[in-house]
Amino acid sequence: MPELPEVETVRRGLAPALEGATIDAVKLARPDLRIPFPPEFSRRLEGARIAALTRRGKYLVAPLSTGESLIMHLGMTGRFLLPNGPIERPGEFYYLSPPDPAHSHVVFTLRSGGRRFELVYNDARRFGLMDLVPSSALRTSRHFARMGPEPLTPEFTAGVLAAGLAGKTMSIKVALLDQRVAAGLGNIYVCEALHAAGVSPKRAAGRLGPRISDLHAAICSVLEAGIAAGGSTLRDFAAADGRTGAFQERFAVYDREGEPCPACAKPVRRIVQAGRSTFYCSACQR
DNA sequence: AGAGCTACCTGAAGGC
DNA sequence: TGCCTTCAGGTAGCTC
């Protein structure tokens, strides 16, 4: 579910509740998500104060008072709930459909300003992960060591993007899904960015030429628009406060096979690349 | 090294 | 109604 704009939406929803809170208890319903929880996961978290909630690519990162950072990835179906959290209307159910309790794998009990509340991590497919790494070694951790530039920051320039794609013979669609090229892009926003840039998903990644600037600008604008809309809601994504995203209503091509291209009205096509759906306009994207 | 496939896991939706 | 197949927003590990 979550790509950069969705993870950023979750971050913004959770940050006011989590930042400055102390972790009183952590209950695990099972020993692993996609990977095992690290040794003594709960013990290492209990008593820690959450200094901040940040994001890198599709990961959430919470630096702790203990010197370690809690790293969290939502996979495809991960979501956080604040069922009795410091939100204006506690008890309100925030999601389109109630999450199956069988898939609530982690329950944090947090304390902040004299209030105690729970933060529940629910993940049906269990493709998410949580890990603990020393805050001083985040950059070299296995999750981030090879991760590419962060879009929407000054480090992500057209030149940096071009360098990341140089020499690649694979399609630009498949290349942009590689988190080493740019962090945080997924299937939706890659499709949308390529459409916005007028670049065919089938074009060789290393042969964009000067159009790399258009693609760079499109990636930034599509991600910014996604964040501004509160992410996309397909199936069941919702922000921590339960509001659903609106960006799916603005998709130009994603999940719109057969519908008219908003630019030229020709039907949007669907093809499969590296086993994943690509949606594009064969007239607008060359 | 680069590129392509498979696996991980569950649920929803569509076809018959 | 029910069974079966296909597909889903992600990543990593394996082969060639």
Side-chain angles (χ1 to χ4, degrees), chain A residues 1-10 29-36 55-60 71-80 95-105 121-131 141-148 163-194 202 204-207 222-223 226-227 229-239 244-251 253-258 270-279:
Chain A
M1 142 203 351
E3 303 181 29
L4 189 155
E6 289 73 37
V7 177
E8 178 62 19
T9 298
V10 170
R30 50 177 303 127
D32 59 0
L33 293 172
R34 193 180 78 221
I35 62 173
R55 181 189 55 74
R56 173 79 171 105
K58 300 172 194 171
Y59 288 81
L60 292 168
I71 293 179
M72 298 167 282
H73 193 290
L74 301 173
M76 295 272 266
T77 52
R79 33 179 164 168
F80 282 103
Y95 287 80
L96 298 181
S97 56
D100 185 339
H103 302 311
S104 288
H105 306 303
Y121 178 72
N122 183 285
D123 186 353
R125 281 178 85 179
R126 232 186 309 132
F127 284 178
L129 69 84
M130 292 193 193
D131 202 359
S141 73
R142 62 166 153 164
H143 310 295
F144 299 136
R146 295 182 306 159
M147 186 173 281
L165 297 171
K168 287 193 182 297
T169 57
M170 64 170 64
S171 71
I172 184 64
K173 161 70 192 315
V174 174
L176 288 176
L177 289 175
D178 186 336
Q179 302 297 292
R180 293 172 295 186
V181 172
L185 292 173
N187 210 28
I188 292 176
Y189 292 92
V190 167
C191 290
E192 293 297 309
L194 288 170
K202 295 189 272 195
R207 297 183 176 273
V222 163
L223 291 175
I227 292 171
S232 314
T233 297
L234 265 55
R235 297 167 189 86
D236 56 10
F237 170 77
T244 56
F247 192 66
Q248 71 281 358
E249 292 156 24
R250 305 235 290 275
F251 289 165
V253 288
Y254 186 82
D255 209 16
R256 303 190 88 89
E257 181 181 14
R270 173 184 178 272
I271 59 174
V272 175
Q273 294 178 287
R276 312 195 60 194
S277 289
T278 298
F279 299 90

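Reminder, nothing fancy here: chain letters follow the sequence lines and each chain counts from 1. No hydrogens, no waters, no symmetry mates; every other heavy atom, side chains included, goes into these values.
We find that CD1 of Ile71(A) is positioned 15 Å from C1' of dT11(C), with the value rounded to whole Å. Between the P atom of dG10(C) and the CG atom of Leu33(A) lies a distance of 17 Å, rounded to the nearest Å. Rounded to a whole Å, the CG atom of Leu176(A) is 15 Å from the P atom of dG9(C). Taking atom CZ on Arg276(A) and atom P on dC5(B), their separation rounds to 15 Å, with Å as the unit. Summarising the geometry, the separation between CE on Met170(A) and C1' on dG2(B) is reported as 7 Å, rounded to the nearest angstrom. The CE atom of Met147(A) sits 12 Å away from the P atom of dG10(C) (whole-angstrom rounding). At whole-Å resolution of the value, CG in Leu165(A) and P in dA1(B) are 19 Å apart. The distance from atom CE of Met76(A) to atom P of dA12(C) is 14 Å, rounded to the nearest whole Å.
Inter-residue side-chain proximity for Val253(A) and Glu192(A) is flagged as met; some heavy-atom pair is nearer than 4.5 Å. In this structure, the side chains of Arg55(A) and Leu4(A) come closer than 4.5 Å at one or more pairs of heavy atoms.
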Below 3.5 Å between N/O atoms, which protein atoms pair up with nucleotides 7-11 of chain B? Just atom names and distances, please.
unit_1: dC9(B); atom_1: O3'; unit_2: Arg126(A); atom_2: NH2; d: 3.3
unit_1: dC9(B); atom_1: O2; unit_2: Arg125(A); atom_2: NE; d: 2.8
unit_1: dC9(B); atom_1: N3; unit_2: Arg125(A); atom_2: NH2; d: 3.3
unit_1: dT10(B); atom_1: OP1; unit_2: Arg126(A); atom_2: NH2; d: 3.3
unit_1: dT10(B); atom_1: O3'; unit_2: His103(A); atom_2: NE2; d: 3.2
unit_1: dG11(B); atom_1: OP1; unit_2: His103(A); atom_2: NE2; d: 2.9

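Checking dC7(C), dT11(C), dA3(B) against every side-chain atom of Thr169(A), the shortest atom distance belongs to dA3(B).
OP1 or OP2 of dG9(C) has not a single side-chain nitrogen or oxygen of Tyr189(A) nearer than 4.0 Å. Between Gln179(A) and dT11(C) there is a side-chain N or O to OP1 or OP2 distance below 4.0 Å. Applying the 4.0 Å criterion to OP1 and OP2 of dA1(B), one finds that Lys168(A) has every side-chain N and O outside that range. Considering only side-chain N and O atoms, Thr77(A) lies nowhere under 4.0 angstrom from the phosphate OP1 or OP2 of dA8(C).
Thr169(A) pairs by the side-chain hydrogen bond (donor to acceptor under 3.5 Å, both in side chains) definition with nothing, not counting sequence neighbours. By the ring-ring contact (aromatic ring centres under 6.0 Å, His included) test, His103(A) pairs with no residue at all, sequence neighbours left out. For Phe127(A), the ring-ring contact (aromatic ring centres under 6.0 Å, His included) criterion is met by no residue, not counting sequence neighbours. Here Arg30(A) pairs with Asp32(A) under the salt bridge (charged side-chain N to carboxylate O under 4.0 Å, His left out) rule; sequence neighbours left out.
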- [ ] Represent DNA chain B in dot-bracket notation, 5' to 3'. Only Watson-Crick or G-U wobble pairs with both distances under 3.5 Å count; pseudoknot-style crossings use [ ] and interstrand partners use |.
- [x] .|||||||.|||||||
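At least one donor-acceptor pair under 3.5 Å links the side chain of Lys173(A) to the backbone N or O of Ser277(A). At distances below 3.5 Å, at least one donor-acceptor pair connects side-chain atoms of Glu3(A) with backbone N or O atoms of Ile188(A).
With P as the reference atom, dA1(B) and dT11(C) are 22 Å apart, rounded to whole Å. Taking atom P in both dC9(B) and dC3(C), the straight-line distance is 24 Å, to the nearest Å.
Aromatic pair Tyr59(A)/Phe144(A): ring centres closer than 6.0 Å.
Applying side-chain contact (heavy atoms from CB on, under 4.5 Å) to Pro2(A) and the options Thr9(A), Leu60(A), Leu74(A) leaves one that passes, Leu74(A).
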